[in-house]
Amino acid sequence: MKKTLALVVTVVLSTFCFAADEFPQEWLTVAEKSDFRATSSYDQTMVYLYQLEVAAPELIRVTDFGRSGQDRPLPLVIVSSDGAFTPEKAAASGKPVLLIQSCIHAGEVDGKDATLMVLRDIALGRRPELAEAVVTLFAPIYNADGHEHVSIYNRSNQNGPAEGTGYRATANGINLNRDFLRLVSPEAKALARLVATWNPHLHVDNHVTNGSDHAWVLTWLVAEAPQLAAPVDAWVRSHLPQVMAAIDADGHPNGPYVNHISRSDPAAGMIWDVTQPRYSSGYFPLRNRVSILIEMHAHKPFRDRVLANRAFIDELIVETGRSGDELVRAVNAAEAATVAMGAADADPSDVVVRWKAAEQSDTITWPAYDWTIEDSVVMGGEMVRYHPGRSRTVEIEWRHRQAAELKLPRPRGYLVLAGWPQIDELVSGHGLRAFKLKTDTELEVETVRLANPKFTTSSYQGVVMVEDFEVSRNREKRLVPTGSLWIPADQPSFEVAVQLFEPEAPDSIVRWGVVSSLFERKIYIGLDLLEQLAEEMLTDDEVRSEWEAALEDPEFAKDPGARYLWWYQRTPYWDETVGLLPVMRVMAPARLDLDQWSQP
């Protein structure tokens, strides 16, 4: 495709000397040519990207990082003044690596159009410092298939582009901003490979949002300590405010992401919920990185949003370049701390399995537009109606910190039993370091057993999730079969494994139904034999006492299935693998005979 598209590229190779944003027609983006009534198609975007690459091959490399469900290449633009166009060269440069992603929801195109303008400034020599400061990876159309599903009705609450935008989900209906940990889509698998290969120090996820109305054109959100590693959090606190102040001074008012505590009372305050690793904002902290969520304000004109998004990208690159050594040191320190806590001889520590919004809050000045509470014909209750242009600046509560909701003792590693390829694929997909057992190995492990699952009543992201279950943990000796995977804790992204394997985690393999077959019984016992065994067991006073106590529950007493299971589970015929999680926690240093693992 690249060679074909290159044939239609027209490049101006004369001296690039243009005032402000005055560029020849061939360098205007589709958005600019249309007076911001339109956004570029996938093919138009690719033509423009190759035009930029031809203009500045020493600075810009256009490639892809995978394929979409409909087999479109997922474009990746690498910018480096040092020719650091590979992960190895980028690492050797010592500069921070930024990953700036747009169109995860393909109707939210502001980041893509802003990216094209930033790249043009670099290619034409207008902003050479943007190429010199850092190594930047631009993924301008992450959801490539949704991007081409264009309609003027896809974004009902978004103010432009008037000629239509793409669709929120992929071709098969997956919301990519729920797939960072699960990796069910080819797009998410490709992005995870990109992240594991390049190890970017900083991630940006460009979106567009509505939900309230106010003067800010750009809003932002980041995870904070303790969810985000302390050294990285310190870097964010020192440098992100400077970026936001600079773009505000440039005429782009901005503030923290507005997510109201109450849908019916905007004055009740704002709350950030960034904890779940299905989202970029919750996933990257697991890798000791920060993801900056950018939410352009949907009610603002498309032009204003794109220009503000562009200003943010410019300032972020420059500020990161100024403090590049500091950011690299912060990430390295955070990774080293994770590795040290997972070492075989490390002191005991905990892992956080689930986060919640902390009660602690600040007060923030919100430049809202006035609102009234009115009756809703649609909902049959009350609704908030905003009145744009009528200012109503209010002081409101802002809950933006996180606190640990559930902690567990940190294991020395996990053993994934052989025969669960869907788990192996996740381990490989996230680039976790893993080994295979060379022989059957008996050792003490902590087993996790699950019972009484409650499934959701409707599907989400194409699956029926497991919303609740009972968990029991026991130390026992098990014979772990040859070929089982060993995922040690002394690796920088071990928290990814924690979120996958601990059942109580919000996006675990249990929650997403990846291992739901473990709840199913595959063998049975005939009632005649079970009746005989029950009569024999009732001669044991302890069993008789337990049975009589169970019968005191009237619901149990009249439930034949529950009674059957009560007795069946006490026989030697019961399948002990029912409810047994095929991932075991190793809590003490273990001598294992291991092979390198050829990842799928």
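Quantities reported herein were computed from a predicted structural model and do not represent experimental measurements.
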Verdict with reasoning, Asp507 to Gln276, per side chain to side chain donor-acceptor pair (under 3.5 Å): CA-CA 7 Å; Asp507 288 314; Gln276 295 169 299; 5.0 Å; no
Full working for side chain to side chain donor-acceptor pair (under 3.5 Å) between Glu335 and Asn288: CA-CA 6 Å; Glu335 289 190 331; Asn288 289 299; 5.5 Å; no
Steps toward side-chain contact (heavy atoms from CB on, under 4.5 Å) verdict (Tyr564, Asp559): CA-CA 9 Å; Tyr564 173 91; Asp559 185 340; over 6 Å; no
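Checking Glu470 against Asn452 by side-chain atom types alone, a donor-acceptor pair falls below 3.5 Å. Lys112 and Thr39 form a side-chain donor-acceptor contact under 3.5 Å, judged by distance and modelled atom types alone.
With sequence neighbours excluded, the residues satisfying side-chain hydrogen bond (donor to acceptor under 3.5 Å, both in side chains) with His400 are Glu224, Asp362. In this structure, the side-chain hydrogen bond (donor to acceptor under 3.5 Å, both in side chains) partners of Thr482, at least two apart in sequence or on a different chain, are Asp440. Evaluation of the side-chain hydrogen bond (donor to acceptor under 3.5 Å, both in side chains) rule for Asn474 yields no partner, not counting sequence neighbours. Residues satisfying the ring pair (Phe, Tyr, Trp, His ring centres under 6.0 Å) criterion with Phe501, sequence neighbours excluded, are Tyr414. Not counting sequence neighbours, His147 has no partner by the ring pair (Phe, Tyr, Trp, His ring centres under 6.0 Å) test. Annotation: side-chain hydrogen bond (donor to acceptor under 3.5 Å, both in side chains) contacts of Glu425 (sequence neighbours excluded): none. For Asp273, the side-chain contact (heavy atoms from CB on, under 4.5 Å) partners at least two apart in sequence or on another chain are Thr275.
Under a cut-off of 6.0 angstrom, the local environment of CZ in Phe65 is crowded, with over 12 non-hydrogen atoms contributed by other residues, nucleotides or ligands. With a 6.0 Å radius and a threshold of 12 heavy atoms from other residues, nucleotides or ligands, Arg263 has its CZ atom at or below the threshold.
You'll find the ring centres of Trp272 and Trp398 inside the 6.0 Å limit. In summary, the aromatic rings of His430 and Phe180 are positioned with their centroids too far apart to meet the 6.0 Å limit. Aromatic pair Phe435/Trp486: centroids not less than 6.0 angstrom apart.
For Ser68 (side chain) and Ala144 (main-chain N/O), no donor-acceptor pair under 3.5 Å exists by modelled atom type. Panel note: side chain Glu108, backbone His207; no donor-acceptor pair is recorded below 3.5 Å. Between the side chain of Asn143 and the main chain of Ser102, no donor-acceptor pair closer than 3.5 Å is present. Checking side-chain atoms of Arg511 against main-chain N and O of Glu467 turns up a donor-acceptor pair under 3.5 Å. Panel note: side chain Thr197, backbone Arg193; a donor-acceptor pair is recorded below 3.5 Å. Between the Ser459 side chain and the Val464 main chain, no donor and acceptor come within less than 3.5 Å of each other. Listed for the Thr45 side chain is a donor-acceptor partner under 3.5 Å among the backbone atoms of Ser41. Judged by distance alone, the side chain of Gln491 and the main-chain N or O of Arg433 form a donor-acceptor pair under 3.5 Å. Looking only at distances, a side-chain donor or acceptor of Thr338 sits under 3.5 Å from a matching main-chain atom of Ala334. Of the possible polar contacts, one joining the Ser508 side chain to the Pro503 backbone as a donor-acceptor pair under 3.5 Å is found.
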Please table the atom pairs, donor to acceptor, closer than 3.5 Å between any side-chain atom in residues 520-527 and protein atoms at least two apart or in another chain.
from	atom 1	to	atom 2	distance (Å)
Glu520	OE1	Lys522	NZ	2.4
Tyr524	OH	Arg521	O	3.3

Sequence neighbours left out, cut at 3.5 Å: what donor-acceptor pairs do the side chains of residues 346-357 make with other protein atoms?
from	atom 1	to	atom 2	distance (Å)
Ser349	OG	Arg410	NE	2.8
Arg354	NE	Glu405	OE1	3.1
Arg354	NH1	Glu504	O	2.9

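In this structure, NE2 in His203 is found 10.0 Å from OG in Ser281, a value given to the nearest 0.5 Å.
A salt bridge is defined here as a Lys NZ or Arg NE, NH1 or NH2 lying under 4.0 Å from an Asp or Glu carboxylate O, and Glu359 with Arg399 meets this definition. Remark: Glu444 does not engage Arg412 in a salt bridge, criterion side-chain N to carboxylate O under 4.0 Å.
Trp566 carries Arg570 over the face of its six-membered ring, with the cationic atom under 6.0 Å from the centre and within 45° of the normal.
Legend: side chain to side chain donor-acceptor pair (under 3.5 Å) pairs involving residues 170-188, not counting sequence neighbours, sorted by first then second residue: His105-Asn175, Thr170-Asn172, Arg178-Tyr460, Asp179-Ser185. The salt bridge (Lys or Arg N to Asp or Glu O under 4.0 Å) contacts involving residues 136-151 comprise Arg72-Asp145, where partners must be two or more places apart or lie in separate chains. For residues 579-596, the set of pairs meeting the side chain to side chain donor-acceptor pair (under 3.5 Å) definition, not counting sequence neighbours, comprises Glu446-Arg585, Glu502-Arg585.
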